[in-house]
Amino acid sequence: MRTNNSKEQEEYLYIVLVRALTGLGKLVRGITRYEYTHIAICLDESLTDFITFSRRKHYAPFDAGFMHETRDCYAFGQQSRVKLKVFRIPVVAENMQRIRAYIDSVQEDEEYLFNLFSMVTMPVLHGFPIYKTHNCMSFTGKILELSNSVTMDSKYYRYSIRDIDLLLADYFYKEKCVARQGIETAGYMEKVGTGKNIVMFFQLNGKLMARLIKRNNIEDKI
């Protein structure tokens, strides 16, 4: 739903839904019967820098956090293309500046964690905040909130990928398969052993649980 923005709109924000080709993405598609399982933002039309919260290595799902992903994070191995659904949202310059400042602040803050708890319980609890955490959905929701370009009837962390798809229907731009570009994220495809993945699983869950126990599950005030 559109809000009444002035004619000061000078820039565009791109919200990108990704048909993830990972094993987890395929599993989720099979359960939900919904095509898109990952979401990111882009700050220009080239669609080459996808800003999100996600795994930092393809083979390490629990080593996750703030990421600048490339197309090669989505189209890997024998896959040469990935399907994207793109929304283009006009944002006034002042709000775009706020968005960029927020992205920089999150990127520079090593305390931010991946909100695994909210992600896996999304179908039941519909999202909840934990201090200095995000997943791909809540991060995108926060950016949309900062844009002040759409009317959001729920808290930013309450929106699933499907919800954002519906929310941005008026801003649909294109849906297409795009080719990988050979611009690889350093170390992204390195193999990670089972033992290390188990350690990272308990480390992430331990940190998230500690924040919940301390009742730091407040909304990000930045």
Side-chain angles (χ1 to χ4, degrees), residues 1-5 9 11-18 20 28 32 34 36-43 49-55 64-69 85-109 111-173 204 207-208 211-212 215-222:
M1 183 181 298
R2 296 180 186 272
T3 58
N4 293 323
N5 286 333
Q9 294 164 348
E11 301 182 60
Y12 287 100
L13 172 70
Y14 297 85
I15 305 298
V16 185
L17 278 56
V18 182
V28 171
T32 64
Y34 175 69
Y36 295 99
T37 55
H38 184 50
I39 190 167
I41 72 163
C42 293
L43 298 179
D49 179 22
F50 301 84
I51 307 170
T52 188
F53 267 67
S54 186
R55 64 181 74 186
F66 179 87
M67 277 288 289
H68 284 273
E69 295 177 320
K85 185 174 184 178
V86 185
F87 301 90
R88 186 172 72 167
I89 301 160
V91 182
V92 298
E94 180 181 358
N95 290 338
M96 186 61 80
Q97 185 176 1
R98 291 173 62 204
I99 288 171
R100 293 181 188 276
Y102 182 75
I103 292 170
D104 289 344
S105 71
V106 173
Q107 182 171 354
E108 293 167 4
D109 192 338
E111 282 193 284
Y112 269 90
L113 299 174
F114 185 85
N115 195 342
L116 178 66
F117 291 176
S118 181
M119 185 186 78
V120 299
T121 61
M122 193 73 180
V124 178
L125 300 180
H126 306 292
F128 60 91
I130 301 175
Y131 177 67
K132 285 192 178 181
T133 68
H134 275 305
N135 51 51
C136 66
M137 296 171 286
S138 67
F139 179 72
T140 303
K142 184 65 178 181
I143 296 300
L144 283 172
E145 180 182 79
L146 291 170
S147 78
N148 200 32
S149 295
V150 295
T151 299
M152 300 175 71
D153 297 324
S154 299
K155 296 289 189 179
Y156 69 88
Y157 50 81
R158 296 269 185 202
Y159 287 84
S160 67
I161 296 173
R162 191 196 295 263
D163 292 334
I164 295 173
D165 190 346
L166 295 172
L167 176 70
L168 301 180
D170 288 348
Y171 297 94
F172 175 74
Y173 184 50
L204 175 58
K207 290 176 181 178
L208 291 173
R211 292 189 184 183
L212 282 175
R215 304 191 65 81
N216 281 331
N217 55 330
I218 59 173
E219 285 190 53
D220 189 353
K221 299 298 184 181
I222 300 176

**Q.** Phe53 vs Thr133, side-chain contact (heavy atoms from CB on, under 4.5 Å): CA-CA, chis, key distance, verdict
**A.** CA-CA 9 Å; Phe53 267 67; Thr133 68; over 6 Å; no

Q. Taking it one step at a time, do Asn95 and Leu13 satisfy side-chain contact (heavy atoms from CB on, under 4.5 Å)?
A. CA-CA 11 Å; Asn95 290 338; Leu13 172 70; over 6 Å; no

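- Legend: residues meeting side chain to side chain contact (heavy atoms under 4.5 Å, CB included) with Met122, ordered by chain and number and at least two apart, are Met137, Ser160.
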Q | side-chain contact (heavy atoms from CB on, under 4.5 Å) evaluation trace for Leu113 with Ile130 | A | CA-CA 9 Å; Leu113 299 174; Ile130 301 175; over 6 Å; no

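- Judged as a side chain to side chain contact (heavy atoms under 4.5 Å, CB included), and not counting sequence neighbours, the contacts of Ser118 are Asn115, Phe128, Asn135.
- Residue Thr37 comes nearest to Ala20 through the heavy atom pair OG1-CB, 3.2 Å, listed as atom of the first residue, atom of the second, then distance.
- Closest heavy-atom contact between Phe117 and Leu212: CD1-CD1, 3.5 Å.
- Annotation for Ser149 and Ile89: closest pair CB-CG2, 3.5 Å, computed over non-hydrogen atoms.
- Partners of Tyr12 according to the side chain to side chain contact (heavy atoms under 4.5 Å, CB included) rule, which considers only residues two or more places apart in sequence or in another chain, are Tyr14, Arg88, Pro90.
- Nearest heavy atom pair, residue Tyr34 against residue Arg162, reads CB-NH2, 3.0 Å.
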Q. Hey, mind stepping through Tyr112 and Phe66 against ring pair (Phe, Tyr, Trp, His ring centres under 6.0 Å) and telling me if it holds?
A. CA-CA 8 Å; Tyr112 269 90; Phe66 179 87; 8.6 Å; no

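- Here the closest heavy-atom approach between residue Ala40 and residue Phe50 is recorded as CB-CB, 3.8 Å.
- Residues meeting the side chain to side chain donor-acceptor pair (under 3.5 Å) test with Thr52, sequence neighbours left out: none.
- Residues satisfying the side chain to side chain contact (heavy atoms under 4.5 Å, CB included) test with His126, not counting sequence neighbours, are Arg158.
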Q: With side-chain contact (heavy atoms from CB on, under 4.5 Å) as the test, would you mind laying out the steps for Phe139 and Ile103 before giving the verdict?
A: CA-CA 9 Å; Phe139 179 72; Ile103 292 170; 4.2 Å; yes

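- For Cys42 against Val16, the heavy-atom pair with the smallest separation is SG-CG2, 3.9 Å.
- For the atom pair NZ (Lys132) and CG (Asp109), the distance works out to 3.5 Å, reported to the nearest 0.5 Å.
- Between the Tyr102 side chain and the Ile143 main chain, no donor and acceptor come within less than 3.5 Å of each other.
- For Ser138 (side chain) and His134 (main-chain N/O), no donor-acceptor pair under 3.5 Å exists by modelled atom type.
- Checked against ring-ring contact (aromatic ring centres under 6.0 Å, His included), Phe87 has no partners two or more places apart in sequence or in another chain.
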